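Proteins come first, then strands; the chains are lettered A, B, ... in the order of their sequence lines, and each starts at number 1. Source: prediction; values computed, not measured.
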There are 2 protein chains.
Amino acid sequence: MSLRHALLGLLVDAPASGYDLMKRFDTSLANVWPATQSQVYGELTRLAAAGLLEVAAEGPRGRKEYALTDEGFAELRRWLVDTQPEPPRRSDTLLRVFFLGVLDREQALAYLAGMAERAAGEHGALEELEQSIDWGEGGMLSTNGRLALEFGLRFSAMREEWARWAVQQVEQQR
Amino acid sequence: MSLRHALLGLLVDAPASGYDLMKRFDTSLANVWPATQSQVYGELTRLAAAGLLEVAAEGPRGRKEYALTDEGFAELRRWLVDTQPEPPRRSDTLLRVFFLGVLDREQALAYLAGMAERAAGEHGALEELEQSIDWGEGGMLSTNGRLALEFGLRFSAMREEWARWAVQQVEQQR
DNA sequence: TGTTTCATGTAAGACGTTACATGATTGG
DNA sequence: CCAATCATGTAACGTCTTACATGAAACA
């Protein structure tokens with residue numbers, strides 16, 4: 001149920017419409033919690049019905065600007081303080097590693113080399129992202145987004161190193 | 001659709017019933033692709049209907065032993081060779097990091113410290129797992145499971161280091 | 001005989017994706 | 001006037017979780 005809290009969090013700094021929120025998702029949260037348009041609109045309706053958001057203003061083209069209510073803010077804090085994050089439990093990438101034995105050695109090595117490449121590519125993409133963001137403006141999202149970005153940089157580096165190590169392991173077998 | 005391929009992969013070495021497969025999931029794949037009983041039985045039926053598995057034997061209590069067909073084996077290889085793994089895109093843990101600004105400093109630090117602790121705990125659990133597994137017996141799963149385990153060890157270590165670094169960052173703010 | 005283990009299945013509900021559908025407003 | 005952008009909503013479908021339901025066989 002984290003989409004709920006992602007929306008609440010994005011509304012802390014300023015009210016916004018569903019359309020605005022989609023853009024905020026695509027820019028700031030794209031790498032940690034992507035959401036589709038249809039999901040966002042549906043959840044906003046439900047959040048408003050539950051009293052965690054309210055329609056603060058209406059604009060042209062049926063635009064509805066949602067604002068956080070006190071209950072919404074309280075719920076966001078409750079989520080952060082009282083509930084444990086759930087780590088992702090599934091990894092398509094690692095599942096495949098278990099079954100590498102059905103391939104011949106060359107194919108298995110190609111798979112692991114591919115992992116290394118993709119990790120390196122992601123590392124590069126994150127470095128570019130770091131350059132492109134205007135960190136100066138401050139605000140909660142950019143301050144803490146920076147921490148998240150560093151996580152991504154370290155994670156992609158770790159994956160690349162692991163994949164290169166795994167290549168060596170497979171090469172040394174037999 | 002990776003559950004499909006997880007089941008095919010687990011059936012490479014030997015035929016098994018849904019019940020057996022659940023146990024294999026819980027032991028070998030628990031950390032990369034957990035599955036529930038109801039999911040497994042449903043998918044086995046669909047895989048057999050699609051001709052990727054066949055009921056090789058029936059036993060007491062309605063037991064059905066499934067075996068990989070040639071098409072099933074081909075599909076497993078096709079998946080490994082021709083399709084790209086999808087990395088997980090959502091991280092509850094990192095989503096929360098974005099919103100740490102709504103908490104006061106002590107609470108934010110407590111959250112990050114909690115991340116470090118959980119990562120350290122997972123690292124310890126994986127080390128114990130490494131000890132407890134009988135690596136000698138060989139077989140595809142244990143050989144490659146070892147690679148996956150090393151990934152887990154590196155990943156949990158990385159997370160702990162990142163969380164400790166993030167604590168410092170937050171402490172140094174202002 | 002009674003408990004544990006083996007064994008399979010169904011149903012309801014949450015969440016996510018893709019696609020479809022509609023239309024107002026702005027700007028060139 | 002035409003295209004792009006703004007703006008919201010619905011429907012179908014697939015996956016995963018939780019819970020319910022049932023019963024045979026082994027074993028003590």
Distance under 4.0 Å to a non-hydrogen atom of chain B counts as contact; along DNA chain C, which nucleotides mark the start and end?
C:dT5 to C:dT17
Go through the steps to decide whether B:R96 and A:T83 satisfy the test side-chain hydrogen bond (donor to acceptor under 3.5 Å, both in side chains), and finish with yes or no.
CA-CA 11 Å; B:R96 289 160 193 253; A:T83 68; 3.2 Å; yes
Taking everything shown except B:R78 itself, do over 12 heavy atoms lie less than 6.0 Å from its CZ?
yes
Between A:E43 and A:R46, does any NZ, NE, NH1 or NH2 come within less than 4.0 Å of an OD or OE carboxylate oxygen?
yes
Run the numbers on A:E150 and A:R154 for salt bridge (Lys or Arg N to Asp or Glu O under 4.0 Å), then give the verdict.
CA-CA 6 Å; A:E150 173 70 16; A:R154 291 179 184 222; 2.8 Å; yes
Decide, yes or no, whether a salt bridge links B:E122 with B:R159 under the criterion of side-chain N to carboxylate O below 4.0 Å.
yes
Who pairs with B:D20 by salt bridge (charged side-chain N to carboxylate O under 4.0 Å, His left out), at least two apart in sequence or on another chain?
B:R63
Does the side chain of B:R61 get closer than 4.0 angstrom to OP1 or OP2 of D:dA25 through an N or O atom?
no
Assess whether atom CD of A:Q169 is packed by more than 12 heavy atoms of other residues, nucleotides or ligands within 6.0 Å.
yes
CD/B:E71: more than 12 non-hydrogen atoms of other groups inside 6.0 Å
yes
Whole angstrom value for the distance that separates P of D:dA26 from OH of B:Y19:
14 Å
Between CD of B:E86 and C1' of D:dG14 the distance, given in whole Å, is 13 Å
For A:D20 and D:dT5, give me the distance from atom CG to atom C1', rounded to whole Å.
13 Å
Name the nucleic acid region contacted by B:R90, choosing base, sugar-phosphate or nothing; use a 4.0 angstrom heavy-atom cut-off, strictly under.
sugar-phosphate
Using a cut-off of strictly less than 4.0 Å between a heavy atom of the residue and any atom of DNA chain D, enumerate the qualifying residues of residues 29-58 of chain A by number.
A:Q37, A:S38, A:Y41
